[in-house]
Number of protein chains: 2
Amino acid sequence: MGIELRRQIEKIVSLTDDEFEFVLSHFQSKKFKKHQIVIHEEDYVQYEYYVVKGLMKISRVDIDGKEHIIQFGMEDWWVTDSQAYHNRTKATMIVDCLEDAEVLALSLDNKEKLCRELQKMEYFFLKKTIAGYIALQKRILCFISSNANERYNNLLTLYPGLMQRVPKSMIASYLGVTRETLSRLNTGM
Amino acid sequence: MGIELRRQIEKIVSLTDDEFEFVLSHFQSKKFKKHQIVIHEEDYVQYEYYVVKGLMKISRVDIDGKEHIIQFGMEDWWVTDSQAYHNRTKATMIVDCLEDAEVLALSLDNKEKLCRELQKMEYFFLKKTIAGYIALQKRILCFISSNANERYNNLLTLYPGLMQRVPKSMIASYLGVTRETLSRLNTGM
DNA sequence: GCTGTTAAAGGACATTTGTCAAAAATTTGG
DNA sequence: CCAAATTTTTGACAAATGTCCTTTAACAGC
């Protein structure tokens with residue numbers, strides 16, 4: 001239970017068996033079905049989810065009803081509506097499942113409690129958040145410096161496994177183009 | 001000295017006078033001239049900079065020699081090449097000054113030391129990094145869901161002061177469009 | 001206050017991307 | 001294994017954005 005989470009944490013700080021059990025006791029195990037909505041728009045967001053198995057997406061629906069995918073979340077990733085979760089405000093995003101999913105859910109209270117009880121976990125979350133920040137910066141650089149074709153090829157090399165699990169129309173949404181444009185790209189080969 | 005920094009920190013955690021002096025002792029005060037390069041590409045990045053006064057930009061030059069602006073940094077902001085700074089690797093970005101600048105420089109060793117000595121500072125950096133992450137997510141959402149005109153108007157409302165201090169060609173670069181395109185936008189009022 | 005330099009705006013045209021409609025291919029559930 | 005639903009591809013055209021070039025405007029240093 002949670003070996004992968006332990007592996008992820010131990011890339012940054014080391015834990016004894018007891019410490020890891022203690023960490024894990026702050027999480028709740030949950031399961032979701034394909035197509036199930038994990039975070040509804042306008043809901044308060046109770047949890048941040050560590051994905052043990054499955055695939056989710058974080059998206060926002062604009063005034064014209066178009067869905068824009070901000071992030072995918074697969075195994076060993078963390079998923080939530082960050083703004084709503086951390087500020088205890090209502091969700092502006094939707095999180096749902098592209099596949100049946102198994103997660104470890106961490107409430108904000110438990111996260112803060114855990115950080116106070118075990119300082120290296122706060123260090124872990126800081127390092128992890130910095131890594132996330134850097135990843136988003138790279139994605140922004142990609143938007144300002146690359147066209148659709150280059151962004152698609154970049155995504156292919158970054159997450160080769162994703163393409164087999166996600167419909168192309170969603171890849172298009174993540175890249176900020178229409179599915180028609182994605183379908184016409186010269187994928188390089 | 002550093003009142004604004006203290007105000008920023010105290011929005012998240014409270015500090016005694018002694019504690020703030022202690023925090024400040026981990027920083028070095030530095031000054032830069034307009035056009036001066038603060039972080040050179042390929043250099044190791046010693047510091048993260050809290051901007052006391054002035055205006056900087058973080059950019060990357062692509063293979064065609066085009067400059068892409070990833071971020072501006074004005075008063076009360078933090079500026080560095082995050083990836084290079086936190087991973088102790090060589091800079092892939094350039095940080096330079098659009099105006100004479102005054103900063104407080106924090107080395108990574110001092111940052112980590114400070115976090116160990118005063119846990120609430122680690123909490124501060126965590127909250128601050130999360131806020132940065134959320135801001136980048138919003139910028140990405142803007143790229144995937146808005147055209148150049150909408151992105152420009154969004155920037156106008158987000159940082160109205162920036163326009164008076166930054167040439168439009170740099171705003172264009174930040175928005176991921178050419179200066180010609182920016183110049184033709186219907187700024188909508 | 002000049003003068004050289006840099007920044008901004010505009011025209012003409014090419015390229016990329018979006019939109020709408022339809023056809024083809026694939027997946028899903030029974 | 002089949003029928004319905006979903007996803008992907010393609011065509012024709014419109015709109016947005018990029019490129020190249022010229023003109024105009026603003027600014028910096030002397």
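In this text the structure is predicted, and so the values were computed from the model without any measurement. Because only heavy atoms are used, hydrogens play no part in the values below, and waters and symmetry mates are left out as well, while side chains stay in. Within every chain, numbering begins at 1; the chains are lettered A, B, ... in the order of the sequence lines, protein sequences first and strands thereafter.
A close approach under 4.0 Å does not occur between any side-chain nitrogen or oxygen of B/T181 and OP1 or OP2 of D/dT17. The side chain of B/S169 contributes an N or O atom lying less than 4.0 Å from OP1 or OP2 of C/dA8. Not one side-chain nitrogen or oxygen of B/K168 sits closer than 4.0 Å to the OP1 or OP2 atom of D/dA26. Between A/T178 and C/dT17, a side-chain N or O to OP1/OP2 separation shorter than 4.0 Å is absent.
When rounded to the nearest whole Å, the span between CG of B/L98 and P of D/dA28 equals 13 Å. Atoms CD (B/E150) and P (C/dT17) sit 18 Å apart, rounded to a whole Å. For the pair A/M163 CE and C/dT26 C1', the interatomic distance rounds to 19 Å; values are reported in whole Å. Following rounding to the nearest Å, B/N147 (CG) and D/dG18 (C1') show an atom-to-atom distance of 15 Å. As rounded to whole Å, 16 Å separates atom C1' of C/dT27 from atom CD of A/Q164. For the pair B/I144 CD1 and C/dG18 C1', the computed distance is 16 Å after rounding to whole Å. If you take CG of B/L182 and P of D/dA16, they are 16 Å apart, rounded to a whole angstrom. For the pair A/R165 CZ and C/dT27 P, the computed distance is 16 Å after rounding to whole Å.
Checked for salt-bridge contact, B/K57 and B/E67 meet the test: a charged N lies under 4.0 Å from a carboxylate O. By the 4.0 Å N-to-carboxylate-O rule, A/E180 lies too far from A/R184 to be salt-bridged with it.
Between A/M170 and B/K66, the residue anchored closer to the 5' end of DNA chain D is A/M170, taking for each the nucleotide with the nearest heavy atom. Taking the nucleotide of DNA chain D with the nearest heavy atom to each of A/E180 and B/A148, the more 5' of the two is matched to A/E180. Comparing B/S183 and A/S146 against DNA chain C, the residue whose closest nucleotide sits nearer the 5' end is B/S183.
Side-chain atoms of B/R151 stay outside donor-acceptor range of the base of D/dT17, with no qualifying N/O pair under 3.5 Å. If you check distances only, the side chain of A/R184 never reaches the base of C/dG18 with a donor-acceptor pair under 3.5 Å. At a cut-off of 3.5 angstrom, the base of C/dG18 holds no donor-acceptor pair with the side chain of A/R179.
A distance-only check finds a donor-acceptor pair linking the side chain of B/N147 to the backbone of B/N149 [under 3.5 Å].
Stacking of B/R139 on the aromatic ring of B/Y174 is recorded, both the 6.0 Å distance cut-off and the 45° axial limit being met. Cation-pi check for A/K30 over A/Y49 is not met; the charged atom does not lie both under 6.0 angstrom from the ring centroid and within 45 degrees of its normal.
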